[in-house]
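Notes follow the structure.
Computed over heavy atoms, backbone and side chain alike; hydrogens, waters and symmetry mates excluded. Note that the numbering runs from 1 along the sequence shown for the chain.
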Amino acid sequence: MAKIEVVFTKSKKKINYGSKAIMWWTGKPYSHVACGIQVSDWGKNYFQASEGKINYEHEPYFLEKHEIVRRYELEIPKEIERTLKKRFYQSSGLVYGTLQNLGIVYVDMVKYLFGKTIDNPWKKGENCSEFMYVDLIQVLIADMNEYNKDTIKPHEIEDIILSRLMEYVNN
């Protein structure tokens, strides 16, 4: 078995309007989700969609910019860890879905105001939640298709962990 962690964070940056806006919109104490994986004995890297692209950062640098609000340690089979590492590394450098976040607000407003469910008009790139949903959650839960990858939010990733991944949670 291997251990990975899923962390929910808020920004430590002085100018963190995006983080504050997401927390205000969702009513949660965090705005971001990332996955930490031990790399050999060199330390942990956090894989994320942030700052314009999908990337990974060594733990000390990640923690300079992110305050971890919630942490879930998952114990997974080694072959799944290998699959995740490969997917994360191969996704590195893909564009971040900045407009996707505005589309999420748009979709939520249309649903709230008119009771209609619409698609996110801006699907290019991936935000942190979509990256974790597609490259982590759907790997761990093969039949997971209950959420729209273009509108999923960080707290919905936490909901999935708490409702569907309890057999993996060690925290």
Side-chain angles (χ1 to χ4, degrees), residues 4-36 45-57 61-72 74 84 87-88 90-166 169:
I4 63 170
E5 69 177 14
V6 180
V7 295
F8 297 86
T9 70
K10 62 182 179 180
S11 178
K12 286 184 175 179
K13 296 177 186 175
K14 288 185 182 193
I15 300 175
N16 61 4
Y17 302 121
S19 179
K20 287 185 179 186
I22 292 168
M23 290 187 293
W24 175 80
W25 187 254
T26 62
K28 299 295 179 184
Y30 52 79
S31 59
H32 183 59
V33 59
C35 183
N45 273 344
Y46 285 91
F47 293 85
Q48 63 182 341
S50 178
E51 299 179 0
K53 62 185 172 184
I54 293 176
N55 62 73
Y56 57 93
E57 291 183 324
Y61 305 114
F62 180 82
L63 294 176
E64 283 179 11
K65 296 186 267 183
H66 302 275
E67 177 184 333
I68 296 175
V69 176
R70 298 210 177 113
R71 174 188 326 252
Y72 297 95
L74 308 179
L84 291 175
R87 287 178 69 118
F88 290 170
Q90 289 177 337
S91 296
S92 294
L94 293 174
V95 68
Y96 182 80
T98 304
L99 285 177
Q100 183 182 40
N101 290 336
L102 295 176
I104 291 170
V105 172
Y106 176 69
V107 167
D108 285 353
M109 288 179 67
V110 168
K111 184 165 183 124
Y112 177 77
L113 294 173
F114 305 109
K116 291 187 170 245
T117 301
I118 62 168
D119 286 336
N120 189 333
W122 298 292
K123 298 175 184 178
K124 184 178 179 184
E126 292 184 3
N127 66 15
C128 63
S129 303
E130 179 180 359
F131 178 53
M132 288 295 104
Y133 185 63
V134 171
D135 286 309
L136 173 69
I137 300 295
Q138 289 185 326
V139 170
L140 295 174
I141 307 171
D143 66 342
M144 173 56 78
N145 58 7
E146 295 149 31
Y147 293 85
N148 182 325
K149 68 182 182 70
D150 296 311
T151 58
I152 194 163
K153 300 173 194 77
H155 70 273
E156 293 171 321
I157 299 296
E158 183 180 34
D159 292 346
I160 294 166
I161 289 169
L162 294 174
S163 66
R164 299 277 307 268
L165 290 175
M166 288 311 294
V169 175

So do [Y] and [X] actually touch side chain to side chain, heavy atoms under 4.5 Å?
X: I160; Y: I152; value: yes
X: T9; Y: Y46; value: no
X: F8; Y: V33; value: yes
X: L74; Y: L140; value: yes
X: K124; Y: L99; value: no
X: I104; Y: N127; value: yes
X: Y56; Y: F62; value: no

[X]: what forms a side chain to side chain donor-acceptor pair (under 3.5 Å) with it, not counting sequence neighbours?
X: D143; value: R164
X: Y96; value: N101
X: K53; value: none
X: E130; value: Q100, K149

[X]: what forms a side chain to side chain contact (heavy atoms under 4.5 Å, CB included) with it, not counting sequence neighbours?
X: V110; result: Y106, F114, K116, I118
X: K123; result: D119, D150
X: K20; result: N16, M23
X: Q90; result: K86

What residue pairs, at least two apart or across chains, pass salt bridge (Lys or Arg N to Asp or Glu O under 4.0 Å) with a residue in residues 92-110?
-> D108-K153
Residue pairs meeting salt bridge (Lys or Arg N to Asp or Glu O under 4.0 Å), one or both in residues 25-36, sequence neighbours left out, come to none
Using the test salt bridge (Lys or Arg N to Asp or Glu O under 4.0 Å), find all partners of E5 that sit at least two apart in sequence or belong to another chain.
-> K44, R71
Applying salt bridge (Lys or Arg N to Asp or Glu O under 4.0 Å) to E51 and not counting sequence neighbours gives K13, K65
Determine whether the side chains of Y133 and E156 contain a donor N or O and an acceptor N or O closer than 3.5 Å.
-> no
